[in-house]
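Just below is one structure, and these are the notes that go with it.
This chain uses plain numbering: 1 for the first residue, then up along the sequence.
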Amino acid sequence: MCRSTFQWCAFVSFCIILLYLWATGSKINKTSNAQVSLDFNSDLSTSSTLDLETELSFSSANISIIDELSLTAILPVTENSLPNLRNILEPLVHPDTASVYLGEILLVSQDHIISNLRSELFTVMSQMEFSRHIQCSIRSWKETLSESIAIISAVVTSSTDWVLILEEDGLNNIDEDSRRALLNPPPIALPLGLRGVRLSHNASCITPSAETSLKASYLIPPFVMPKSLTAHVSERAASWADFGAYVSSIKFGDGRAGGIVLPQFSQNTPDMNWCSSIVQPTSDVLFSSPSLDPESLFSQWSSTSNPVDGFPIHTVSLSDSPIIFGILLLSIEDLKAFAPVACHLEKLGHTLRISLYNGCSFEASPKLASLKHSLCTLSYRVLSADESPTTWLDAMEGHPEVIVTLSEMTEPLDGCSSTSIIRIPRKDLQHTQWMSSLTSHEWRDWGVPQVTLSIITKDRPQSLSRLLESITDARYFGDKVDLRANLEQSSDLETMNIIKNFRWLHGSMFVHHRVIHGGLLTAVAESWYPDSQDAYAVILEDDVELSPLFYAWIKMTLLRYRYGLNRGKAPHVFGISLYQPKNLELDLSGRRPFNASHVLLSTGIHALTPYLSPIPCSWGAVYFPEHWMEFHDFLALRFSEDVFNLSQIIVPNVRSNQWTRSWKKYFIELVYLRGYVMLYPNFPQHVSLSTNHLEVGSHVKIRSMEKRESFSVPLMKLGDAAGAREVDLLDLPNRSLPPLASLPVLNLTGVPTTLDMLKETGMLRYLELGLCGDFAVSGSGSFNAYGFFPCGN
């Protein structure tokens, strides 16, 4: 840690020296009467693909001077700023103030004022004096996009390697020295600017230092940065805070930050008026947690990790011995689709026995060949006409512990009783990249977990149809997945007919129709009951919609945290959420925006790390068998009122105490007393495996656009033919799920905490309520809610 701090300080000091040299010694080209060309290209769809790692390979050892004309200024133009366009542009282009590095200006404007902007720009260009040839273009700002996304989209279309992001007033409100620094920037790999925000226990604006640069969680305009930072950002920039989190997730030489705040060059007191409109009491503000601090949390969460470049490296802390994989496919195209996974297995030291077999081969003898993929070269053989899968296995050198084949291949694989056989549909092969993160132990346990989809519906036929369509379109990778449809007594005829006519092809289907009205609490609680310790249910209310990759997320996380060498080691985890919340609802002050990445960054954890939370998800989640059975026991105990009245407050100071008809109220009570947690995804831009459409129903009486936008999140999409997608399942630290012990933990109100503190809090409340049982004595849950009983009984 000391070494890392020293390297960071040395790096920043070096940049400051460079900055000083540029700020004081830059030559300003004073050639006047140059022509200015106008390009009214409003199309933002064309962009070049950049090699992000190459573009960001900066260090103090290889910093060089940026080239002339290598800087583009990005200026947002609004209805308020348009009348002042000349005064805004003049400092950028006038011979007395222009920079030799500025070669292009992009004006980003909303569609409805573009025609006025064109007219005004022609007028301004004819009246002003320019220092050199500068390319000016207009870029369209779609009204559905935030300012940050519109600007980043414009950056991608710029023709230079460096960009200066401006506010709508340009550089008019900053001092001359700061203006010169931004127009003559040092080529460092992080955004460099004047205004930064630090996320910690609260969001605070950074006051520039007179002596040194300061790290920030994110910057707001104006700031300068390399264009390459936006090469793969896509829509991960809904706000400047989100863009800062994205930047922080990329590893640079030494240090961790979403930007750097320049020193205060002038002797005047820094102008901090911008701060009041930026820092709001939103998700960046954490409720107080006096017994913990970011440093201690980082230490506890990353105790199994080694910090590299300021980030904890979450290596899979599981002993993974090499094994033999048998891979039997039909064609070379199948092998090409599965090659990314096969290459990764080979890289990890596993032995691959690959063969192609179509049952109609005319080869007289086996044919040996190889496939050259960008990741590796795979050797394979084409089985001859007189060979079968069984003879292939018999002749194989060594016994395969895992066989990957196609569900379309119906030939028996005799003699494989101890082998894990995975049959994947051909159409799913190109979506298997996530399997490269599995350990050999997890591969061998592939067929053990049994997942059931349990739908709760009543009288929303359109919502039900949307959910069923998303379920049908999902990929199940050859697994048998059963489906339960739970119909309320008052279900309408259209809903009944939708279920009656639905055909489920991936497993058995069971329909349950109540004859006595039960309500949503009963409908959810009785929608499923496990029949084994390997049975899992995805609880789905009908206003939920699923990503086509939702089952892949379930499979990947179940195998990592419930099987392999983690089998039995996570009794405190009660489920896996498909949904990534962007609001928290339990604090007494009311609903508030929430961004887990901001919270994790404030404690030094990688922004895209999945996390644990006691909040049960009702908008698409997997529930574990032992905890669901305990929940049933707990409900029976609560409604019997044998231990305490229904009105008894179990969890202090949370809004769920008001949800008297919600099953979540009682589940929260159970997990609070036990110290249980659920795993939540944490992908960029709240990309999730499920979303909620907030339909009018038992708990939603008014469906406003504002409410829907507060809860709706983008779904993870399938990739293209090459398997590429904007956000994928391996957008994780080190492209793999972190070890169980290093997962960060948040409490019911989104405050960072630890598992031990959750357990201790629950135990203390257990005793305050006058309860006894094994939990109070040993501190370990017994998965038996009847262990709750009053002391003295």
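Between L106 and L75, every side-chain heavy-atom pair lies at or beyond the 4.5 Å cut-off. Using a 4.5 Å heavy-atom cutoff, the side chains of N80 and E168 are in contact. Taking the side chain as every heavy atom from C-beta outward, L194 and F223 never approach each other to under 4.5 Å. Inter-residue side-chain proximity for W141 and Q110 is flagged as met; some heavy-atom pair is nearer than 4.5 Å. Under the 4.5 Å side-chain criterion, counting only non-hydrogen atoms from C-beta, L715 is not in contact with V687.
A salt bridge does not link K227 to D161: none of the charged nitrogens lies less than 4.0 Å from a carboxylate oxygen. Salt bridge present: D728 and R735 bring a charged side-chain N and a carboxylate O closer than 4.0 Å.
Atom CD of residue E90 and atom CG of residue N172 lie 9.5 Å apart, to the nearest 0.5 angstrom. How far CG of L219 is from CG of L192: 8.0 Å, rounded to the nearest 0.5 Å. Between atom OG1 of residue T157 and atom CD1 of residue I74 there is a gap of 6.5 Å, rounded to the nearest 0.5 Å. Atom CG of L182 is separated from atom CD1 of I165 by 11.5 Å, given to the nearest 0.5 angstrom. Atom CG of L102 is separated from atom CG of L92 by 6.5 Å, given to the nearest 0.5 angstrom.
Considering every non-hydrogen atom in both T160 and L69, the closest pair reads CG2-O, 3.5 Å. Contact between P222 and R195 at its shortest, heavy atoms only, is CD-NH1, 4.0 Å.
Residues meeting the salt bridge (Lys or Arg N to Asp or Glu O under 4.0 Å) test with E104, sequence neighbours left out: none. By the side-chain contact (heavy atoms from CB on, under 4.5 Å) test, S70 is found to be paired with I66, D67, W162, residues two or more places apart in sequence or in another chain being considered.
For the residue pair D543 / N692, a side-chain donor-acceptor distance below 3.5 Å is found, with atom types taken as modelled. Between the side chains of S178 and D175, at least one donor N or O lies within less than 3.5 Å of an accepting N or O. Defined by atom type and a distance below 3.5 Å, a donor-acceptor pair is present between the side-chain atoms of N184 and S99. Side chain to side chain, S109 and R139 fail the donor-acceptor criterion of an N or O pair below 3.5 Å.
Remark: of the listed residues T691, N595, N682, N682 is the sole one forming a side-chain contact (heavy atoms from CB on, under 4.5 Å) with Q580.
Classification of the W553-F683 ring pair by plane angle, with boundaries at 30° and 60°, yields perpendicular.
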